[in-house]
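Side chains are part of it too, since the values below use all heavy atoms of this structure and drop only hydrogens, waters and symmetry mates. All ligand and atom numbering here is 1-based and tracks the order in the structure. Quick caveat: nothing in here was measured; it's all calculated off a predicted structure.
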Amino acid sequence: MRHLMSPLDFSTEELDRLFDLANDMEAHMDKYAHVCDGKKLATCFYEPSTRTRLSFEAAMLNLGGQVLGFSDAGSSSASKGESVSDTIRVISCYADICAMRHPKEGAPMVAASRSRIPVINAGDGGHQHPTQTLTDLLTIRSLKGRLSDLTIGLCGDLKFGRTVHSLIHALVRYENIHFIFISPEELKVPDYITDMLKEKKIPYKEVIRLEDSLPDLDLLYMTRVQRERFFNEEDYVRLKDFYILDKAKLTLAREDMLILHPLPRVNEISVEVDDDPRAMYFKQAQYGVYVRMALIYTLLGLDKKQA
Ligand code: NCD
């Protein structure tokens, strides 16, 4: 049995197979409409989410399966003091696969160690968000045709943004990747990540101004300032509008630069940018459904069954 805790749990060859499957699912939805008939996905969300939870549910429904679960800790037995380990043992009796989001880093890992069904980490604190990374990689591969030879700007809250941390870890496995980290001093990418990049000799730059780097980018990954992970509101208010991507700034960027964002957006991308042909963040949310379909199918072992 296999779980998904980190994007590195899959080799790049396995990821290629997963993305091929996701593209095939996109092109031939009918073919997969009943492959999960009789199967159930439990979504155990101890932290708010719209996209991730609903895209997991949509993915399972598209495959013919059913969904059950809870969307906040307050409405689960966690509020009575139940441990994640006990909850997953019980959920293992009710469902075939589980997607879990938790504010504590490592909680889905604890669950996986006790589970009788595959567990997918749907975001653990400021740590990892592997299915968002799969979404991001599928989006880049589908729209750019490659995952190598890219200059990637990551902008915003690089300290607390778990999607950023997961994506960097996943991208370092591809050839000729250059990172430009664009953030205020207080929200710089954590040292453990820059240490890893130095060790692997992956080129990166840390800058404050977005405008200076825009002309060099194949891809701009914008992120929101993660209010819920700040210790005080004052710092959040000071930093929340540090970057606002608008039409005027975009004149500096290449015609084929992709603009991605894991969403939700707050102010960091002005709505006027939504109509720009480079704005791909809503399309990216759509890819999130296809990749989760492919993931559920694979973790349930249906790919092997078919083979
Ligand atoms: C991200 C998350 O939850 O970390 N959202 C998502 O999964 N689409 C990004 C965010 O909340 O800013």
Is a side-chain donor or acceptor of K144 paired with a backbone partner of D256 at a separation under 3.5 angstrom?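 Confirmed, K144 side chain pairs with D256 backbone.
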Flag, side chain of S92 to backbone of I88, donor-acceptor distance under 3.5 Å: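 Flag set: sc S92 to bb I88 pair under 3.5 Å.
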Return yes if a side-chain donor-acceptor contact under 3.5 Å exists between [X] and [Y], otherwise no.
X    : Y    : result
R141 : N23  : yes
D30  : H28  : no
D136 : Q284 : yes
Q132 : T163 : no

Between ligand 1 and the protein, which N/O pairs fall short of 3.5 Å?
unit_1   : atom_1 : unit_2 : atom_2 : d
ligand 1 : 3 (O)  : R101   : NH1    : 3.4
ligand 1 : 3 (O)  : R101   : NH2    : 3.2
ligand 1 : 3 (O)  : R162   : NH2    : 3.0
ligand 1 : 4 (O)  : R162   : NE     : 2.8
ligand 1 : 5 (N)  : L263   : O      : 2.9
ligand 1 : 7 (O)  : T52    : OG1    : 2.9
ligand 1 : 7 (O)  : R101   : NH2    : 3.4
ligand 1 : 7 (O)  : H129   : NE2    : 2.6
ligand 1 : 8 (N)  : Q132   : OE1    : 3.3
ligand 1 : 8 (N)  : P262   : O      : 2.9
ligand 1 : 8 (N)  : L263   : O      : 3.0
ligand 1 : 11 (O) : R224   : NE     : 3.4
ligand 1 : 11 (O) : R224   : NH2    : 2.8
ligand 1 : 12 (O) : R224   : NE     : 2.7
ligand 1 : 12 (O) : R224   : NH2    : 3.3
ligand 1 : 12 (O) : Q226   : NE2    : 2.7

